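Not measured: the values here are computed from a predicted model.
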Amino acid sequence: MNVQKLLKKIFSSGYTGFIFLFLYAPIFILIIFSFNASKSKSVWAGFTLEWYGRLFQNEFIISAFRNTIILALVSSVLAAILGTAAAIGIYSLKKRPKAVMMNLTYLPILNPEIITGVSFMLLFAFIKLSPGFLTLLIAHISFSTPYVILNLMPKLRQLDRYQYEAALDLGCNPFQAFRKVIFPEIFPGILSGFLMAFTYSIDDFVISYFVTGPEMQTLPIAIYSMIRKQISPEINALSAIMFTVVLVMLILVNIKDIRETKKREIKY
């Protein structure tokens, strides 16, 4: 039996439910124990919302969450701008230089995060830049920009370059031609790259651990510092809230896509 038939058999049978149970069981257990009246990680002592109340009173976690969101937003916006400019520049190159630049773009993604983190730490120490928000921002922009570039390249390949030249012939300056012709076509790629950069920025721990300072704690680092002593149920509550928000957003996006698909089918 070849691989294709084996995969088809697995995913068309009852094994699919087992696979998803295996993937999501840890998250469901975490959510359940966020309502546990005891601090125990294995014994259920009754239902409570106490840990959610304590979560919103914990200034350390709230401050770390605020820092993480601000850092993710700023770094993702800047990465989207730099990535868009870089992707257009790479797309305009000839075949061999383009291949070289694309290989260089893949390097930060394939490079182990611990090497990237140590490299940034040594760089900032060499130029005497104190660890803090600025060092975190530089590091996050650096590892986020390649994702924007890689999301944009397929959109640029789909472009009709003659539309840009036609816009110039019809009186647009280069900026107007880009804004009215190129940007609307590549915007989905920019948005995808921005969302990916935002996600990786929120999730990053290894690189942030090496470049952050004592006064700038991101949420992953704050959680790590807390679980070194004892895992607090407040972490369970925070994780449950974040998972629920992401799940609701995903459901809403899917509902919107389904409605738009049905409208197009009715229209045509």
Quick one, [X] and [Y] - any side-chain contact, counting heavy atoms below 4.5 Å?
| X | Y | value |
| --- | --- | --- |
| F35 | T48 | no |
| P131 | F124 | no |
| M153 | T105 | no |
| F178 | I186 | yes |
| V100 | P97 | no |
| T218 | D204 | no |

Exercise. Do any pairs count as a side chain to side chain donor-acceptor pair (under 3.5 Å) and have a residue in residues 88-99, sequence neighbours left out, and if so which ones?
Worked result: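 As it turns out, there is no side chain to side chain donor-acceptor pair (under 3.5 Å) pair with a partner in residues 88-99 once direct neighbours are skipped.
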For this session: Quick one: which residue pairs count as a side chain to side chain donor-acceptor pair (under 3.5 Å) with a foot in residues 116-145, not counting sequence neighbours?
Result: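 Listed by first then second residue: N111-T116, H140-S201, H140-S208.
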Looking at [X], I'd like to know if its [atom1] atom is crowded, meaning that more than 12 non-hydrogen atoms belonging to other residues, nucleotides or ligands lie closer than 6.0 Å.
| X | atom1 | answer |
| --- | --- | --- |
| F22 | CZ | no |
| F205 | CZ | yes |
| I114 | CD1 | no |

[Y] backbone acceptor or donor facing [X] side chain under 3.5 Å:
| X | Y | answer |
| --- | --- | --- |
| S76 | L73 | no |
| W51 | N36 | yes |
| E185 | I182 | no |

Exercise. How close do L136 and V211 get, heavy atom to heavy atom, and via which atoms?
Worked result: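 Nearest pair, atom of L136 first, then V211: CD2-CG2, 3.6 Å.
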For this session: Might you point out which heavy atoms bring A79 and V148 nearest each other, and give the distance in Å?
Result: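 Nearest heavy atoms, A79 then V148: O-CG2, 3.8 Å.
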Problem set entry | CA sep, side-chain torsions, deciding dist, call: L156, I90, side chain to side chain contact (heavy atoms under 4.5 Å, CB included) | CA-CA 10 Å; L156 290 172; I90 293 172; over 6 Å; no
Please tabulate, for side-chain N and O atoms in residues 53-63, each donor-acceptor pair with protein atoms closer than 3.5 Å (sequence neighbours left out).
residue : atom : partner : partner atom : Å
R54     : NE   : E50     : OE2          : 3.0
R54     : NH2  : E50     : OE2          : 2.6
N58     : OD1  : F60     : N            : 3.1
N58     : OD1  : I61     : N            : 3.3
N58     : ND2  : E234    : OE1          : 2.7

Problem set entry | Stepwise ring pair (Phe, Tyr, Trp, His ring centres under 6.0 Å) test for Y147 and Y200 | CA-CA 10 Å; Y147 293 102; Y200 276 99; 4.5 Å; yes
Exercise. Could you walk me through whether I109 and L150 pass the side chain to side chain contact (heavy atoms under 4.5 Å, CB included) check?
Worked result: CA-CA 11 Å; I109 298 175; L150 295 177; 3.3 Å; yes
Exercise. Is it true that F120 and F210 have ring centroids separated by less than 6.0 Å?
Worked result: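 They do not qualify: ring centres at least 6.0 Å apart.
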Exercise. If you round to the nearest 0.5 Å, how far is OG1 of T212 from CG of N67?
Worked result: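 Output value for this atom pair is 8.5 Å.
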